[in-house]
Visitor: 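Take this structure, written in structure tokens, and hold onto it; I'll ask about it next.
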Amino acid sequence: MMHMTFYWSRQVTLLFSSWRTDSWPSYALTLLACVLASVFYQYLEHVRYRVRRSGKPAGEPLLLQPNRAGRKWSAKKIAGGLLFGLSSGLGYLLMLAVMSFNGGVFLAIVLGLTIGFLWLRSEDEDEIAGVNSTCACA
């Protein structure tokens with residue numbers, strides 16, 4: 001049965017029908033996997049930001065920098081595209097995990113995103129980027 005409201009139980013089916021938890025140890029491992037995946041999502045966003053910002057002056061806003069539309073397939077653009085794809089895919093998987101409506105899974109993902117943000121992000125990155133990206137659809 002698929003829940004349509006938040007529930008608190010150690011029995012959860014997450015993402016795949018084969019990923020079911022029946023015991024407290026399996027539920028705890030699932031929550032740990034959710035935390036680690038969320039921290040990894042923040043890490044991918046951090047690396048993607050660093051790749052995007054490499055070679056640009058730190059103080060200049062993104063909107064005022066020159067447009068380099070002539071260079072379509074640079075290594076930096078390919079790396080940024082791959083990182084964007086990985087980050088988006090993981091973000092959507094985290095969103096789908098939250099849509100299991102299990103309260104523990106929800107809290108584990110929010111905790112992982114918070115830990116990753118506090119560990120990897122700095123205030124100057126957010127000011128320079130101009131946009132504070134959240135999970136999924138980044």
Side-chain angles (χ1 to χ4, degrees):
M1 177 178 92
M2 177 152 179
H3 293 271
M4 298 306 289
T5 60
F6 276 106
Y7 70 100
W8 299 92
S9 172
R10 64 180 160 84
Q11 296 176 341
V12 64
T13 302
L14 197 64
L15 298 177
F16 310 103
S17 60
S18 60
W19 190 350
R20 295 175 194 230
T21 62
D22 296 336
S23 63
W24 286 109
S26 65
Y27 185 61
L29 286 174
T30 295
L31 295 182
L32 179 63
C34 289
V35 169
L36 293 176
S38 301
V39 171
F40 185 63
Y41 173 81
Q42 287 290 354
Y43 172 75
L44 285 176
E45 285 294 304
H46 173 73
V47 171
R48 188 169 70 93
Y49 174 80
R50 290 291 181 200
V51 166
R52 186 176 42 182
R53 291 293 304 164
S54 64
K56 294 181 182 176
E60 190 176 348
L62 290 175
L63 292 175
L64 297 179
Q65 294 174 0
N67 185 4
R68 291 183 172 81
R71 295 179 11 187
K72 292 185 179 185
W73 294 104
S74 67
K76 179 179 161 183
K77 185 160 186 149
I78 292 171
L82 290 173
L83 287 168
F84 177 78
L86 284 171
S87 176
S88 296
L90 182 57
Y92 281 114
L93 285 175
L94 291 172
M95 179 192 65
L96 289 172
V98 167
M99 289 176 61
S100 71
F101 289 103
N102 182 277
V105 170
F106 173 76
L107 292 177
I109 290 173
V110 170
L111 176 67
L113 290 171
T114 303
I115 290 170
F117 182 85
L118 293 173
W119 178 39
L120 296 166
R121 298 284 187 97
S122 65
E123 290 179 19
D124 59 329
E125 286 180 1
D126 291 333
E127 290 175 11
I128 293 170
V131 176
N132 194 358
S133 173
T134 57
C135 192
C137 301

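We use all heavy atoms of the structure for the numbers below, so side chains are in, but hydrogens, waters and symmetry mates are not.
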Visitor: Heavy atoms, side chains only, cut-off 4.5 Å: are R52 and Y49 in contact?
Guide: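 Contact flag for R52/Y49 side chains = yes.
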
Visitor: On a heavy-atom basis, which atom in A97 and which in I109 lie closest, and how many Å separate them?
Guide: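 The pair with the smallest heavy-atom distance is CB-CD1, 3.7 Å.
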
Visitor: Are W8 and V98 co-members of a hydrophobic cluster defined by side-chain heavy atoms under 4.5 Å apart?
Guide: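 Result: yes, single cluster for both.
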
Visitor: Check ring pair (Phe, Tyr, Trp, His ring centres under 6.0 Å) between F101 and all other residues, then give those that pass, not counting sequence neighbours.
Guide: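 So F101 forms a ring pair (Phe, Tyr, Trp, His ring centres under 6.0 Å) with F6.
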
Visitor: Can you give me the closest heavy-atom contact between S26 and D22, atom names plus distance?
Guide: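 Scanning both residues completely, I find the closest heavy atoms to be OG-N, 3.3 Å.
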
Visitor: So which heavy atom on N102 is nearest to which on S9, and how close?
Guide: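 Result for this residue pair: ND2-O, 2.9 Å.
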
Visitor: How close do G112 and V39 get, heavy atom to heavy atom, and via which atoms?
Guide: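 G112 and V39 have their closest heavy atoms at O-CG2, 3.3 Å.
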
Visitor: Drop me the distance from F84's CZ to E45's CD, to the nearest 0.5 angstrom.
Guide: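 Those atoms lie 8.5 Å apart.
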
Visitor: Testing the basics here: between Q42 and L120, what is the closest heavy-atom pair and its distance to 0.1 Å?
Guide: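 What the structure gives for the nearest pair is C-CD1, 3.8 Å.
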
Visitor: Is there a side-chain contact between Y41 and L86 in this structure, where contact means two heavy atoms from C-beta onward sitting under 4.5 Å apart?
Guide: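 They are not in side-chain contact.
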
Visitor: Under 30°, 30 to 60°, or over 60°: which ring-plane class applies to F16 and W19, parallel, tilted or perpendicular?
Guide: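 Geometry flag for W19 against F16: parallel rings.
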
Visitor: How close do A108 and S38 get, counting heavy atoms only, and between which atoms?
Guide: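 Taking every non-hydrogen atom into account, O-OG, 4.4 Å.
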
Visitor: Can T13 and S100 be said to form a side chain to side chain contact (heavy atoms under 4.5 Å, CB included), step by step?
Guide: CA-CA 7 Å; T13 302; S100 71; over 6 Å; no

Visitor: Please determine whether residues Y92 and F106 belong to a single hydrophobic cluster, defined as Ile, Leu, Val, Met, Phe, Trp and Tyr linked transitively by side-chain heavy-atom distances below 4.5 Å.
Guide: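 The answer is yes; both residues are in one hydrophobic cluster.
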
Visitor: Give a yes or no on whether W119 and Y43 share a hydrophobic cluster (residues Ile, Leu, Val, Met, Phe, Trp, Tyr; joining criterion: side-chain heavy atoms under 4.5 Å apart).
Guide: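 Shared cluster, yes.
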
Visitor: When hydrophobic residues are tied together by side-chain contacts of less than 4.5 Å, even through go-betweens, does L14 share a cluster with L32?
Guide: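 Result: no, two separate clusters.
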
